[in-house]
Amino acid sequence: MSFGSELKDQISIVNQFVQNGIQFLGEFRDFIKERAAIEKEYASKLEAFAKKHTVKKDRKVIGLSVGDATGSPRDPEYDASTESSTFVKAWAVILQETENIAKDRAEFSEKLSTIIFDEIKSLILKQEEARKKARQFIRHSAFAAKLASDRDKIYAEKQKAKANYDERCTEVLQAQQKLDKAQDEKTLEKLRKEHQHDIIERNISKNFYLLALRVANAQKKKHCLTDLPAILDHMQELNESRVRAVKYIWDEYVDFEVSALSNSEQHLEVIKQALEEVDEAADSELFIKFNKRDWQEPPDFDFESSHNADDNEDLQVDDISHVYLSNKLVRARKQLASINATIDIKERDIEGMQSLQEAYSTNANLGDADTVIENMLEYIREVTVLRTMQTNYETEINAIIEAIGDVGPDQIPHEFKTAAFTIPAKCDLCAMNVWGLKQGLACKNCGYNCHAKCEMKVPLNCTKEMGKINRGPIASMSFVGTTSSYGTVSDDARSSSSSPNTSSAPAETHRAVVLYSYTPRNADELHVSKGDIVTVIYTLDDSGWVMVSSNGNEGLVPASYIDMDVEDSVPASYTVDETETTITAVGDFVRAIYDWVAQSADEISFNENDIIEVTSRDAGEGWFEGIISGKRGHFPANYVEDYNT
């Protein structure tokens, strides 16, 4: 019978029981201190001294009898004299025999006043071990509070995910309302894309909410059925360890008395006999008997559909959600494998420490058993936290596999690393620009580039061949390619599509200005330098690439690297030196097409549609210098477009 299996979540009452035991250690320390102080008048004062502690015991000041946290029995008919713990009974025998010893030692008081004092002084040093026990109880109780706090954080994350899901559902509803009210086709197209994007974000937030919900349920079960019982069992073991330690101290006390006062041997033998009857397991069973109450496991959390959507608790498994869940599955498995390996190592260490603690307990000369217990409990706490994480990942993995199945052998995840894009580049997923020091990711195996926010939407289609990229869905959320619902436009496929088509080829070629230098990564790409004048042959629909010719050579370059919005081959805001084929900015105006917030003191901020006076178009790779609202500073060139005043 154990605290964990019988008392369930009664941490507070068990903690109080443990604290009562710690208080007893203080009482026993006072007992020894006062015993030494009155040794000179031992014969006359010992009897009064023993009676004083008998009164304390009867008043249950130290709370050692079974009952509630204050030491009072739950049952008003309960009689501690007829049914109390073996620990309490042994303490009562010690006090009674101390009174008998006082009567027998009247004639020996003068001789023993100095001998007893010296022997007791060495016994006082044993209190350091008692303080170690007290620290163990305090730390374990605090750990129980930490586990409860961690559980509450997971519950809070579930609520946060629910709120986010509700918000996304509201956004979908609002987007649909806007779409219903739109009149012109241009606005309709924009609102359709926004509505589609909101649906995707709603589905992702729903999945996140459902995963958080299941994790919260799993955490609830683990907390109630595993963590709390384990802590209670550990506290039971610590309490029983304290009982064993006090029993050992009493044995030492009795042995000292026997060796110092042979005339008291008969009384001390009675005490020893009582001490042999101390049974920590029986005391724990008695404590359980008077504190056990009915307990039921709390109910599972249920999925709550948003008030804006008629939804169910199934994970979303549309194409993009399928990709997201597949990435989530791969990531969770990787984390779970690491956690399992760590748990295996720590559990082997715990087994070794248990063997070491048993050896030290049997033979104290080998080492300090309390130090081993302290280290072992620290490892147990660490494993408990790891088990919580293990439960979370296993729950997510099982939920995802149940919804979409396992990851197939043909699905190869990308190995993304944080990458700095000092020159704007196209995200291979959404085809939007990605640039900055910590804004993007790059696969170290195939070179796939994407925004950090796009990572979980990238299909598991790494080619493991640098430069050969399977591109996923683009900004419109449509898919290209015919071999996969996730999109499989590779560099080879791109080069095979190098002929113009009626939907993307212009009626005639025109000239454009190169804004940034570009170094090709494949044979079908063209090297261009900043300032070059190139001829645009045609554009590849929605791919972010343009077929151009320069100096008799043809090839693909990123569309964001050239300015095609010009008249008569070169914009009026540029002057062209035909002999050098270079372009020089002469001062003009640009219009902001996105909001920009300055990242440093030498940059300027602006909002969409703001007009900025350009003072330099060569302020660094991809940067202009300009003036707005009287302030001069740098800003990204791809955030603006030419504006004719």
Check: Aromatic ring centroids of F208 and Y165 under 6.0 Å?
Finding: no
Next item on the list: With sequence neighbours excluded, tell me which residues meet ring pair (Phe, Tyr, Trp, His ring centres under 6.0 Å) with F416.
Entry: H414
Check: Any side-chain heavy-atom pair from V215 and K158 closer than 4.5 angstrom?
Finding: no
Item checked: Side-chain (S5) to main-chain (M1) donor-acceptor, under 3.5 angstrom -> no
Notebook entry, point to check: Is any side-chain heavy atom of E378 less than 4.5 Å from a side-chain heavy atom of E382?
Noted result: yes
Item checked: Pairing residues for E304 by the side-chain contact (heavy atoms from CB on, under 4.5 Å) criterion, not counting sequence neighbours -> K162, Y209
Notebook entry, point to check: With a 4.5 Å limit on heavy-atom distance, are the side chains of W91 and I94 in contact?
Noted result: yes
Checklist line | N164 side chain vs K160 backbone, donor-acceptor pair below 3.5 Å | finding: no
Check: Excluding sequence neighbours, so at least two apart, what forms ring pair (Phe, Tyr, Trp, His ring centres under 6.0 Å) with F301?
Finding: Y155
Item checked: Sequence-distant partners of K51, side-chain contact (heavy atoms from CB on, under 4.5 Å), two or more places apart -> E47, E99
Note to self: If the condition is side-chain hydrogen bond (donor to acceptor under 3.5 Å, both in side chains), which residues does R331 pass it with, not counting sequence neighbours?
What the structure shows: E455
Notebook entry, point to check: In chain order, what residues pass the ring pair (Phe, Tyr, Trp, His ring centres under 6.0 Å) check against Y324, with sequence neighbours excluded?
Noted result: none
Notebook entry, point to check: Is there side-chain contact between T371 and Y360, with heavy atoms separated by less than 4.5 Å?
Noted result: no
Checklist line | Partner set under side-chain hydrogen bond (donor to acceptor under 3.5 Å, both in side chains) for K444, not counting sequence neighbours | finding: E415
Note to self: Looking at every non-hydrogen atom in both residues, tell me the closest pair between V317 and H322 and how far apart they are.
What the structure shows: O-CB, 4.2 Å
Note to self: According to side-chain hydrogen bond (donor to acceptor under 3.5 Å, both in side chains), who are the partners of K52, at least two apart in sequence or on a separate chain?
What the structure shows: E34
Considering only distance and modelled atom types, tabulate donor-acceptor pairs under 3.5 Å from the side chains of residues 396-407, sequence neighbours left out.
{"residue": "N398", "atom": "ND2", "partner": "E394", "partner atom": "O", "Å": "3.1"}
{"residue": "D406", "atom": "OD1", "partner": "R333", "partner atom": "NH1", "Å": "2.6"}
{"residue": "D406", "atom": "OD1", "partner": "R333", "partner atom": "NH2", "Å": "3.0"}
{"residue": "D406", "atom": "OD2", "partner": "R333", "partner atom": "NH2", "Å": "2.9"}

Checklist line | Non-neighbouring partners of T391 that pass side-chain contact (heavy atoms from CB on, under 4.5 Å), sequence neighbours left out | finding: A218, K222, T395
Margin query: E297: which residues meet the salt bridge (Lys or Arg N to Asp or Glu O under 4.0 Å) condition with it, sequence neighbours left out?
Written below: K220, K221
Item checked: side-chain hydrogen bond (donor to acceptor under 3.5 Å, both in side chains) against S338, all qualifying residues, sequence neighbours excluded -> none
